[in-house]
Amino acid sequence: MLGGEHTPQCLLLLTRVRRMLSRTEHRGVCRLLSSVMSGTESHTDREEDYRFLHSMLMEKKLHLLFKIHERLKRFEKRSPIPVQEHAASLASDLAEELIHQGWSDEVKELVALFSQPHFKSLLSVHDTVAQRDFEPTLPPIPDDVLDEDEDSVKIVSLVKTNEPLGATIKKDKSTGAIVVARIMRGGAADKSGLIHEGDELKEVNGISLEHRKPKEILPLLACSKGEVKFKIIPASFKEEMASNKKKLFLRALFDYDPDDDPAVPCKDAAIGFKRGDVLQVVSMEDDTWWQACHLRDGNARGGLIPSRQLHERRVALQRPQALFRPRRVKPPDEGEVMEDVDYSALTGIHIAGLRRSFRLGRKSSRAREAARRRRWSTGVHGPTRPPTYIEVIPYHRDPKERHRLVVLVGPDGVGVNELKRRLLLSDPDHYGVTVPHTTREKRRQEKEGVDYHFVSVPMFEEDILNHRFIEYGRYNGHYYGTSLDSVNRVMAEGKVCLLDVHPGKIKHVYTCEYKPYVVFVKPPGIEELRLTRRRAKFICGEEDKGSVRVFSEEDFEDMISLADDMESQCGHLFEKVIVNGDIAMAFRELKADLERVEQTEVQWLPAEWMCSSPTKARRSCGHLDSWI
Ligand SMILES: Nc1ncnc2c1ncn2[C@@H]1O[C@H](COP(=O)(O)OP(=O)(O)OP(=O)(O)O)[C@@H](O)[C@H]1O
């Protein structure tokens, strides 16, 4: 058994331990210690190992434990049974009888012994052990607990002493239910760990608490002795969270389906969600998998969701996909050269104020080519954080309050203007658009304040310096811009203001004051683009002198990759994504969605809007990084 070199002390020690083990009657302990010994024998040639082993095995407490263990084992073998189970009552009966026997010294001593509190307690403990009355017994599950209640109803049995239970109760004003308001530290309820703040009390000792007032319930508790049985509906996760810390609601900015996730620790324990769903987070203890529940499920259980870090990691590790291969097409014919950017020239419909947005920065062909080459060579769009979750808080809109500002964004030519135009035509009294500012000359048919606000260059530049513009640009040597005041004017009329801006400019209105509802208009896949835009024409950028032409394959490519860039950089700001394939369908979806937003009683707004004043928010809008 022994291998390797050992010091003489070590050998001596091992022999002593073996002798000790051989005396031990319990083979399990012997085997355990023998295996410890054999496992350490090959290391006992070092002095410090010897000392360690010695101190461990020669420890007095260890030897005492062995002794106790041996005694118990011997005792167990004899299988003792109690001579009788009611020693306490027998002792008191005996004491009474002895009194009638006359007062000899022995009798006096025995009666005095029987009346000692310690002796009485000893006999009572003896009886409890003899009757095996020390194991907890669960009460039977009441018959009236329905199957669907199984998860939510809890039967709690507490032994009540003279002490109070250590809990306060109150009537919930909205539901009328009796709930536990407070649990006192160190009280019986607290020590049991079975009753919590927010738990709903349904019954006490089989008596229903329905329609009872707290003051009617207190006597029920006061008069019950010994075991008190409660029927409880435990506080939901929501209430537990509320009692512990601030509730945390997140809006998901991506779709998640546990069935498509091979890495989820347990599919059944996870919950799926769609972009835009609001989730209540109940635990963020784990860095990789958080626990959350859907708000729409009333009594929801928490389920696993990927943490922000996990989702970001996954997106970063995704292999970039080639979106499409460009197809060689005939260069498009040059269209009519426009004198100005007038939407009505394209659509044939003139609506005052409905102008093309000032997204005049369509890339020059050289810049576009460079960007494309970069994309094809690397296939990535830079180190941006992918959209994951944004913290939101509930908002109840007062009907007297202004409507939320509707901001439409999307890559050039995707159809933002077309959707805006259709909305406006569908209900001109309800929707409104801003009147832009320009420094160009007023034309004969144009009206000040209807088509444009015509201002001088110095005035326009002063407004730029005073941060009055959400967006501005130069076109054909003139300034054009959309001011915050023009948005305020539409909103003050009680209309839903439709604004289309570059996503980079959303920050100017991303405040509690405007509560923007940002809709991202996304192009469909390349095939659908080719199919749906066959006859569509669009206005080219300044470089092409605002010419109107049909879409080229390059335009489609730009549109899709620009949409991708926008989504990865500003996706956290988008509350709705609409894919504009078929224009009629896209319009219907947008209209229905905007109506839903207006009618929804509780809306979920970014938490950051609520914690800063409008001016402060506007000032701080340069760093929109609070999504988590
Ligand atoms: N789903 C669609 N199917 C077919 N044609 C469409 C669709 N959406 C938009 N169009 C057409 O595409 C052209 C460009 O649309 P629109 O002017 O609305 O783009 P935009 O996003 O406002 O871009 P820009 O700001 O660069 O003008 C228009 O002729 C429009 O009618």
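Bear in mind the structure is a predicted one, so any value in this text is a computation, not a measurement. First listed ligand is number 1; within each ligand, the first listed atom is number 1.
Between K576 and E589 there is a salt bridge, since a side-chain N of the basic residue sits under 4.0 Å from a carboxylate O of the acidic one.
For an aromatic pair to be called close, the ring centres must be under 6.0 Å apart, and Y395 with W604 fails this. Aromatic rings of Y480 and Y472 (six-membered ring for Trp) have centroids beyond the 6.0 Å cut-off, not under it.
Ligand 1 has G413 within reach: a non-hydrogen atom of the residue lies less than 4.0 Å from it.
Atom numbering of ligand 1 starts at 1 in the shown order; those under 4.0 Å from a heavy atom of G581 are 1 (N), 2 (C), 3 (N).
In this structure, R474 satisfies the cation-pi test against Y479, with its NZ or CZ atom closer than 6.0 Å to the six-membered ring centre and inside 45 degrees of the ring normal.
The closest heavy-atom contact to atom 17 (O) of ligand 1, among the options V550, D412, N417, L531, comes from N417.
When L594, V496, V407, L405 are each tested for a side-chain contact (heavy atoms from CB on, under 4.5 Å) with Y517, only one passes: L594.
Below 3.5 Å of separation, one finds no N or O of A536 facing any N or O of ligand 1. Residue G415 places at least one N or O, backbone or side chain, under 3.5 Å from an N or O of ligand 1.
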